Amino acid sequence: MKRLLILIFAVAMLAPRLRADEGMWIPMLIGKNIDDMRKNGFKLTAEDLYSLNGNSLKDAIVLFGRGCTGELISNQGLLITNYHCGYSPIQALSSVEHDYLSNGFWAANKSEELPCQGLSVKFLVRMEDVTERVLREVPRGSAESVRLKLVNKASQELIDAVQKEGVVYTAQVKPLYYGNQYYLYVYQEFTDVRLVGTPPESIGKFGGDTDNWVWPRHTGDFSMFRIYANAKNEPADYSPSNVPYTPKRFLKISTQEVKENDFTLVYGFPGTTRQFITSDAVDLLVQQSNQHKINLRNIRLSIFDRYMSQNDTIRIRYASKHASVANAWKKWIGETIGLNRLNAAALKREQETMFQSWAESNSERRSRYAALLPAMHSLHQQLTPLSLVYDYRQEAINAVEMLQLASRLDALVYKSLNPATKADEMKRLRERAKRSVRQFYKDYSFNVDVEVCAAMLSTYAAQIPTEFHPDVLMQVEQHCKTPDDWMRFAVELYSQSVFADTLGIMTLLSDFDSTTAKHLLTDPVYRLHRDFEAMFEPKVVRPYYGIQDSLQLLYRGYVAGLMELHSDKNFYPDANLTLRITYGRVKGFEPKDGVVYAPFTTLDGVAEKAAMLDVSDYRVPARLLELHKNKDYGPYAVNGKIPVAFIAANHTTGGNSGSPILNAEGHLIGLNFDRCWESTMSDVMYDPNYCRNISLDIRYVLFIIDKYAQAGYLLSEMEIVN
Ligand code: ARG
Ligand code: GLU
C-alpha cells in the first residue's frame, strides 16, 4: 500500500505536466484549449479558428513553398511571408540588371508582378481523424511490414476518394504519435504565385548570420506575393489570363500598440519536433551527434570564412551556402546548451523509471508496456556507433561538394550501363545531368572545396573506426600524416579528375553512353564517391534505418502508454509540417545571470547596429537611416519610435517561419521568423522560462512599404484596423 501511494504521488509529480505556453495544437481539436486561451485573453471561439464553413482563420493561411508559412492579407490574393522564405524565388528572379537582392522590388501594379517558377502555396481545406478507417483491417499483433501495407492501402483509398470529389485537391494521410493515430489532410494547391514586393536584402536579412537565432533582433524579414487563379477562382498553372485569387478569408491587420503580457497566437506549419524521445536519444543527440556535427561545420565554416573575407567573387558565390551551413550549426549549439542546462536527459530518465514502475504494476500493463523501454535501450546501444558514421556521411563526406556532384551522376551512369535503357530516357538524363553540373559550377570555388575535401577526409579518418574506411581511404591514410599531406592528396585528386574540368565534364555529358560510363568509373573522384557509398549502404545506412524502424514501433507503444498513464493531460502530437496553433503571451526573459531581455526592439536599434561600421551584416540603406534621423515615421510610430520586432512565449519551430502572429481579436500583429538562441532546445523539451519566438512587428512592415519603398498603394488593398 505504501509503495503504491509513493508511486501515485511520484507519477503525479513527474507527469509531463502541461507547462504554460507549451503545445502545438491541432486546429480541429482546439476546443479543448479554448477555455485556457480565453483565460489568457483570447476573445474568439474555436469555430473562428477552424471550421469547415470556409470562413475561419485557417482559410487565410498557406503552406508556402516547401517548408514555410504565409498568410493572405487582402481579398485579391495578396500574401505575406518572411524574406528568408521568399529568398530563393527572389534570388532566381534577380540578375545584374535587375538586382532585386540589393535594391528590393516593388510592383507598381499587378501587371508588373513577377511569376515565380516552381513556387506553390497550399491551403488546408480540411483535416479528418481517420485512425479507425486506416487501422480497421489491421489484425491485432500483425507484423510491422503487414501493418504498413494495410495502412498504406487504406490511406490510398482515402486519398483516391478525395480525388473523386470533383474539385482539384491534393490529399495526404500522416501518422501522429508514431502511428497511434492517423489524420487525413486535404489541400488546395495554387501554382501561379507572383512576386509583389520585397525590401532589399540589407533590410530583409538585416543582421544576417551575426544576428541569426539571436535576440535583440532588427530584421525586416518579410516579402509579399500574390496568388493567381483561373476565371473560376481555381488553381491553374501560370497564364497571363489568370486573375488574382479571391480567398475565402484574409487577415485584418492591427496597428494597435503591442504590450508585454498581451495574448498572442501563432497559426502555421511547424516542421519537426521530438518531444517524446527517451533519455538515451537525448544523450545521443547532446553528447555525440550535435558535438560532432558542430565540429565538422566549424571546420567547414572557417574555410568558407577565410576565403570569403579575401575574395569578393567567393563571398557572393558562397553567401547562400554559408548561411544555410551556419543556420543549423548555430541552432545545434544553442540546443545543446539548452538541453544541458535543463538536465533534459536526467529528467527523462526519472520519467522513464516512473513509467517502468507503472508498467510493471499490473499484468495487463506488464504485457503491453514493460518490455518497451528496455528494448529501446538496447537498440540505442546498437544505434550509437552507427549513428556516428551516419552523421559523418552526411556532414563530412557529403560536405565535399565534388563528391556531391559525383553522386548527381549516379542515375545517369547506372542507366547507361543498362542495355534496356531507352534512348529518350538517356537523353532526358543527360540533359538533367548537364543542367545540374552547370548549376553546380555557377556557385563553386575549386580552392574552397579542395580545402574542405582535405579537412573532411582527414577528420573522417581520425574519428571513424577503420572498419568504416573504404579501401581507397586506407591507402591514402598510409601516406597522409599531416594536414599538408591531406591537402596535397586532395589537390592531386581533383587535378586528375574530369570533375575539375568544367569543359571536359560538359563534353563528356554531351554524348554520354556506356563507354563513357565505364571511363567515369575509373575517375578518381567518382571512384572515391562510389567506394564510400558501396561501404555505407550495407554497413551503415541499411542497419541504421532498420534500427530506426524498430524504434518507431517501440515509440508507438511507449507514447500510447504515456497517454494512458497521464490520461488527464491534454497531449499534442509532434510537429509534422501540418497546420498547428500555438499560443502564449508577449514576454521578455532572463537568458543568463545578470541579463534581462526586454520584449521589444525599435528602429533605434537598427541605427545603433548600423553605426558599428565593421560589421557588414549591419549595413543598411542610407535612406532608412535618413528616415530614422528625421523621425519621418508617418502614422507607424509608437511613443516616438518605430517598432521592429518582439518576442513572445509561443511554442514554434522551423516551418513556422512566416506564420502570422495574431492578437486576442485574431488580427495580424506580426510575422514569426525565428527563435531565441536560448530557446532552441524546445524541439525536444520546452521550458517556459527560456522559450521565446521572435516576430517581426507588422508596423515595421507597413512603415517599410509606405515610407521606405513608397509603395503605399499596396496598403489600400489591406484592411487595417485600430
Ligand atoms: N534562423 C531562422 C530559421 O531557422 C532564419 C534563417 C535564415 N537567416 C539566416 N541568416 N541564415 O530558419
Ligand atoms: N527561421 C525558422 C524557419 O525558417 C524558424 C525558426 C525556428 O526554428 O523556430 O522556419
Side-chain angles (χ1 to χ4, degrees), residues 21-22 24 61-71 81-88 90-91 101 198-199 201-215 217-223 264 266-275 297 301 304-305 308 318-335 338 574-580 582 584 609 615-619 645 647-661 670-687 690-696:
D21 310 319
E22 176 176 359
M24 298 178 171
I61 295 160
V62 294
L63 177 62
F64 182 89
R66 269 188 287 272
C68 274
T69 306
E71 53 275 7
T81 185
N82 287 149
Y83 180 78
H84 79 262
C85 295
Y87 191 71
S88 126
I90 295 166
Q91 188 183 32
L101 295 180
T198 172
E201 199 165 10
S202 51
I203 292 175
K205 236 184 120 178
F206 179 79
D209 285 336
T210 309
D211 280 6
N212 192 23
W213 298 112
V214 168
W215 185 254
R217 193 66 160 277
H218 299 88
T219 313
D221 202 341
F222 78 98
S223 57
T264 55
V266 175
Y267 211 156
F269 288 86
T272 314
T273 57
R274 303 198 299 150
Q275 61 179 313
R297 288 200 178 196
L301 286 167
F304 284 6
D305 284 336
M308 288 169 79
Y318 276 69
S320 173
K321 289 176 191 175
H322 188 283
S324 85
V325 172
N327 191 40
W329 163 81
K330 203 163 173 182
K331 188 207 151 178
W332 293 330
I333 298 173
E335 180 178 73
D574 274 328
N576 61 351
L577 207 63
T578 62
L579 194 58
R580 300 293 177 89
T582 135
K609 284 179 177 170
V615 186
S616 63
D617 281 336
Y618 291 155
R619 271 177 219 148
I647 49 176
N650 296 282
H651 189 182
T652 55
T653 188
N656 270 123
S657 274
S659 299
I661 178 154
L671 266 58
N672 181 76
F673 70 96
D674 212 356
R675 264 177 296 170
C676 295
W677 204 48
E678 299 79 8
S679 320
T680 44
M681 75 297 183
S682 66
D683 292 348
V684 173
M685 196 179 270
Y686 186 91
D687 179 348
Y690 288 94
C691 290
R692 300 291 179 272
N693 65 317
I694 306 180
S695 299
L696 169 64

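Read the numbers this way: they start at 1 and go in the same order the structure lists the ligands and their atoms. All figures in this text were calculated on a predicted structure; none of them were measured in a lab.
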*Where is the tightest heavy-atom contact between Phe269 and Thr69, given as atom of each residue plus distance?*
N-OG1, 3.0 Å
*Part of Trp213 with heavy atoms under 4.0 Å of ligand 2, whether side chain, backbone, both or neither*: side chain
*Taking the two cysteines Cys691 and Cys676, decide whether their SG atoms are closer than 2.5 angstrom.*
no
*asked:* List ligand 2 atoms under 4.0 Å from Gly655, heavy atoms only on the residue side.
replied: 3 (C), 10 (O)
*Purely on distance, is any nitrogen or oxygen of Lys205 under 3.5 Å from one on ligand 1?*
no
_Residue and atom name of the nearest protein heavy atom (relative to atom 6 (C) of ligand 1), distance in Å to one decimal_ = Asn327 OD1, 3.5 Å
*Give the numbers and elements of all ligand 1 atoms closer than 4.0 Å to a heavy atom of Trp213.*
1 (N), 4 (O)
_Residue from His651, Arg274, Arg675 passing side-chain contact (heavy atoms from CB on, under 4.5 Å) with Asp683_ = Arg675
*Would you mind listing which atoms of ligand 1 come within a distance below 4.0 Å of any non-hydrogen atom of Asp674?*
1 (N), 2 (C)
*Any idea which heavy atoms bring Asn650 and Gly584 closest together, and the distance?*
OD1-N, 3.1 Å
_If the cut-off is 4.0 Å to any non-hydrogen atom of Asn656, which atoms of ligand 2 fall inside it?_
10 (O)
*Can you check whether Leu671 reaches Thr81 side chain to side chain, under 4.5 Å on heavy atoms?*
no
_Test of ring centre spacing under 6.0 Å for Phe304 and Tyr318_ = yes
_Contact atoms of ligand 1, heavy-atom distance to Gly208 under 4.0 Å_ = 10 (N)
_Using a plain distance cutoff, I'd like to know if Cys68 has any nitrogen or oxygen under 3.5 Å from a nitrogen or oxygen of ligand 2._
no
*asked:* Could you tell me, atom by atom, which parts of ligand 1 come under 4.0 Å of a heavy atom of Ala323?
replied: 11 (N)
*Got Thr653 and Met24 here, is their nearest side-chain heavy-atom distance under 4.5 Å?*
yes
*Kindly identify the option in Asn672, Ile694, Asn327, Asp674 whose heavy atom sits closest to atom 6 (C) of ligand 2.*
Asp674
*Is the closest side-chain heavy-atom distance between Trp215 and Asp674 below 4.5 Å?*
no
_Minimum-distance protein heavy atom relative to atom 9 (O) of ligand 2_ = Arg675 NE, 2.7 Å
*Check whether any side-chain heavy atom of Tyr618 lies under 4.5 Å from a side-chain heavy atom of Asp211, and answer yes or no.*
yes
_With nothing but distance in play, are any N or O atoms of Asn212 less than 3.5 Å from an N or O of ligand 1?_
yes
_Closest protein heavy atom to atom 11 (N) of ligand 1, given as residue, atom name and distance to 0.1 Å_ = Asp209 OD1, 3.3 Å
*Where is the nearest protein heavy atom to atom 4 (O) of ligand 2: which residue, which atom, and how far?*
Ser657 OG, 2.5 Å
_Against ligand 2, does Lys331 come closer than 4.0 Å with any heavy atom?_
no
*State, without any angle test, whether Tyr87 and Glu201 hold a side-chain donor-acceptor pair at a distance under 3.5 Å.*
yes
